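As C-alpha cells, the structure follows; a few thoughts come after it.
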Amino acid sequence: MTEPHHKLRGWAAAKKAILAGLRFTSLRLRLVVVFALVALTAAVSASGIAYWLNREAVLTRTQDAALSDFQQEMQNRAAVLPEHPTQGELQHAANLMADSSQHFSVLLIGTDENGRQVEGNSDLDAFTLADVPDSLQDAVNRKQSSSGGKKDGYHLYWQRTTQGGDPYLVGGARVAGGPTGYMLKSLEPEAKDLNSLAWSLGIATGLALIGSALLAQAAATTVLKPVHRLGVAARRLGEGKLDTRLRVSGTDELAELSRTFNKTAENLEKQVADMRARDESSRRFVADMSHELRTPLTAITAVTEVLEEELDAETGSVDPMIEPAVRLVVSETRRLNDLVENLMEVTRFDAGTARLVLDDVDIADQITACIDARAWLDAVELDAERGTMARLDPRRLDVILANLIGNALKHGGSPVRVAVRVEGDDLLIDVTDHGPGIPEDVLPHVFDRFYKASASRPRSEGSGLGLSIALENAHIHGGEITATNSPDGGAVFSLRLPRDTRDDEDEGENLVDDSQEGGAAT
C-alpha cells in the first residue's frame, strides 16, 4: 500500500476516534461549549462597548483640543494679517500657529496684491493642499452666513482621514477678508493607545473564555459525576445485579433522582425475587409431577402393550365392541408418555441442567438414521453429501430432526425435502414441505410452548412442545432455527449449527445426559 493510502487510513482512524470521543462526552462537551459561548458573547460585547466608548472619548478629546487651539490661533494670528498678505507673512503666521501645544501642521492660503495665490506652510512641503480632502475644501470655501454671534468666515470644519495607513485629523476655516487656514494633526499616538487597549481587551476576552471553560468543566464534573454514577448503576442493574444502590447526598434534583432510582431498584429486586420464586416453584412442580407420573405410566404402558398385542393377535381374544376403546387407550397412553418426557426435557432446559454429549457425526448418516428409525424413507428426500462432519450431540440432533421432519410431514405433507450445506464454519439444514405454508400471524409463535395452531391446519395430536424443544436443543449447541415460507409454497425450517460445538464445561469432560428421546413432533 502506498504512503498516501497509509495517511488516509490514519486520518480516517483519527477522525473516527475523535468522533467517538465527542459522542462519549457529548453532554460534557455541550456544557463546556454553552458556557464558553455565553462567556465569549458577554466578553466580546463588553469589550466591544468598552473599546468603542474609549475610542470615541480619546478621539473626541484630542480632536476638540486640537480644533479649539487651531481656531484660537486663526483668530489671533491669521485674522490680523492684511487682506493681501505676502508669502513671508503667511509663512511667519503659519510657523507661529504651529508652535502650539497640540503639535499640528498649518497651511495658510491667501492672495497677494497681484491676485496670485500664495501659501505659507509650517512644515514646508510635508503638508500641502493635496493632503486636504476636496469635500473639506468645498465646505471651507463655501460662503457661510453669520450665526451664533460669530463673524462671517469663522466656521470651522474638520474630517478624519488616513495617509499612508496612518490616521490624521484635518481641519479648516476661512477668515473674512483674510486667508484660509488648514491644520493637519497626526492621530498615531491615539491609534497606538487604542491598539494597546484592543489588545488588552482581547487578552481579557481570551482569559474570560479560558476561565469560563474551566468553570464549565468544573460545573460539568459536578453535574455529570452523579449522572455517571447513575449510568454505571443502571448498567449494573441491567446486568442483573439488582442489589445496586446509589449513595444519596443533598436535597437537589440529582439527589431526588438517586432516591427514585434506589426505590425503583428496590421494587424491581423484590418483584424479580417473587417472580423467580414463583418460576422455581412452577419448574419444581412440573419436574416433580413428571417424575411422579413416570412410575404409573410405566405400568400403564406395559398393560397397553399387552392389550395392543392382543388386538393384533389372530385369535381375536378382544371383544370387537371394546376394540375402539382399547385402541384409544393405547394411543392416548403413548401421547401421555411423550408429553411427560417432553415436560421433563423442558424442565432440564429451564433449570439449566441440560448438557451436551459431543461426538464427531457424519450429518448425512445421522439424518438417514433418523428417517429410517421412523419409517419416513418413502416420504423424505435427502440432499446431503456424505463425509460432511460436525462435532455435536447426536441424540439432540436426532431430536431436532425428528421434530422438524415430523412437523413437516404432519402439517405440510410429503414429499419433505431435507437439504444440507456448509456455510463457513456453520452447518445449515433446510427442511421444506409442500403444504400451504404457515400463516403470517402464526410465524412468530411456531416455537412457543403449547402453541397449536391455526384454523388452516388440522388438529395436532402432539403436545405442542416439539418445536420448542427443537429450538432449545439448537440453542444449547450455539445454533438457531428459523421458520419462513417458500416462494414456491410450503414452509421452510432452517437449522443453523456450528460445525465444532464447544461445551460449557471443561474441555474433554464426558458428560452423561440421562434424558430420554424427545417427542417426535408437535
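Remember, predicted model here, so these are calculated numbers, not experimental data.
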- Message: For the CZ atom on R55, are there more than 12 heavy atoms of other groups (residues, nucleotides or ligands in this structure) within a distance under 6.0 Å?
- Response: no
- Message: Using a strict threshold of under 4.0 Å (side-chain N to carboxylate O), is an ion pair present between R259 and E256?
- Response: yes
- Just do the side chain to side chain contact (heavy atoms under 4.5 Å, CB included) check on I481 and I400 with the steps written out, would you? CA-CA 10 Å; I481 304 177; I400 297 173; 4.1 Å; yes
- Query: So do F104 and L169 actually touch side chain to side chain, heavy atoms under 4.5 Å?
  - Reply: no
- Item | Derivation of the salt bridge (Lys or Arg N to Asp or Glu O under 4.0 Å) call for E266 and K270 | CA-CA 6 Å; E266 182 179 353; K270 182 179 179 182; over 6 Å; no
- Any side-chain heavy atom of Q163 sitting closer than 4.5 Å to one from L184? yes
- Query: Do the side chains of I363 and L397 get nearer than 4.5 Å, heavy atoms only?
  - Reply: yes
- Message: If you count every heavy atom of other residues, nucleotides or ligands that lies below 6.0 Å from H92 atom NE2, does the total exceed 12?
- Response: no
- Message: Given 3.5 Å as the limit, does a donor-acceptor pair link the side chain of D393 with the main chain of V357, or not?
- Response: yes
- State the CG-OG distance between L90 and S122, to the nearest 0.5 angstrom. 12.0 Å
- Message: Please evaluate residues L467 and L404 with respect to the criterion side chain to side chain contact (heavy atoms under 4.5 Å, CB included), reporting the C-alpha separation (whole Å), side-chain torsions for both, the decisive distance (0.1 Å), and the verdict.
- Response: CA-CA 7 Å; L467 289 179; L404 295 182; 3.8 Å; yes
- Task: Let me see the working for K185 and T62 under side chain to side chain contact (heavy atoms under 4.5 Å, CB included), right down to the final yes or no.
- Result: CA-CA 10 Å; K185 178 175 175 57; T62 302; 3.5 Å; yes
- Query: Is atom CD of E480 surrounded by more than 12 heavy atoms (other residues, nucleotides or ligands) closer than 6.0 Å?
  - Reply: yes
- Message: Main chain of A173, side chain of Q71: is a donor-acceptor contact present, judged purely on distance under 3.5 Å?
- Response: no
- For R276, all residues meeting salt bridge (charged side-chain N to carboxylate O under 4.0 Å, His left out), sequence neighbours excluded: none
Which pairs of donor and acceptor atoms, one on a side chain in residues 233-248, lie under 3.5 Å apart (sequence neighbours left out)?
from, atom 1, to, atom 2, distance (Å)
T244, OG1, K241, O, 2.7
R245, NH1, L242, O, 2.9
R245, NH2, E269, OE1, 2.8

- Query: Would you say D131 and Y168 make side-chain contact, with heavy atoms under 4.5 Å?
  - Reply: no
- Item | Beyond-backbone contact of L59 with R160, side-chain heavy atoms, under 4.5 angstrom | yes
- Is any side-chain heavy atom of E440 less than 4.5 Å from a side-chain heavy atom of N485? yes
- Query: Should we say atom CD of E56 is surrounded by more than 12 heavy atoms from elsewhere, each under 6.0 Å from it?
  - Reply: yes
- Report, as yes or no, whether the 6.0 Å neighbourhood of atom CG on N267 holds more than 12 heavy atoms from other residues, nucleotides or ligands. yes
- Note on the structure: Contacts of A50 meeting side chain to side chain contact (heavy atoms under 4.5 Å, CB included) (sequence neighbours excluded), chain-then-number -> N54, L201
- Message: Between E385 and V420, is the side chain to side chain contact (heavy atoms under 4.5 Å, CB included) condition met? List the steps.
- Response: CA-CA 8 Å; E385 294 184 2; V420 180; over 6 Å; no
- Message: Can you tell whether the side chains of E423 and R496 come within less than 4.0 Å, N to carboxylate O?
- Response: yes
- Item | Closest approach of G479 to L497 (non-hydrogen atoms, all atoms of both residues) | CA-CD2, 4.1 Å
- Shortest non-hydrogen contact between T180 and V140, atoms and distance: CG2-CG1, 3.5 Å
- Note on the structure: Rounded to the nearest 0.5 Å, the OG atom of S486 sits from the CD1 atom of I438 at a distance of 11.5 Å
- For the residue pair A93 and L81, what are the closest heavy atoms and their distance? CB-CD1, 4.0 Å
- Message: Just so I know, are the side chains of R77 and L108 near enough to count as touching, which here means a heavy-atom distance under 4.5 Å?
- Response: no
- Query: Which heavy atom of V175 sits nearest a heavy atom of A78, and at what distance?
  - Reply: CG2-CB, 4.1 Å
- Query: Are L197 and V58 close enough that some pair of their side-chain heavy atoms sits under 4.5 Å apart?
  - Reply: no
- Between the CG atom in L392 and the CG atom in L427, the distance rounded to the nearest 0.5 Å is 7.5 Å
- Indicate the atoms forming the closest heavy-atom contact of Q159 with P133, along with that distance. OE1-CB, 3.8 Å
- Heavy-atom pair with the smallest gap, counting every atom of S47 and T205: OG-OG1, 3.0 Å
- CG-CG distance between N114 and D112, expressed to the nearest 0.5 angstrom: 5.0 Å
- When rounded to the nearest 0.5 Å, the distance separating CD1 of I476 from CZ of R396 is 4.5 Å
- Message: Would you compute the distance between atom NE2 of H477 and atom CG of N473 and round it to the nearest 0.5 angstrom?
- Response: 7.0 Å
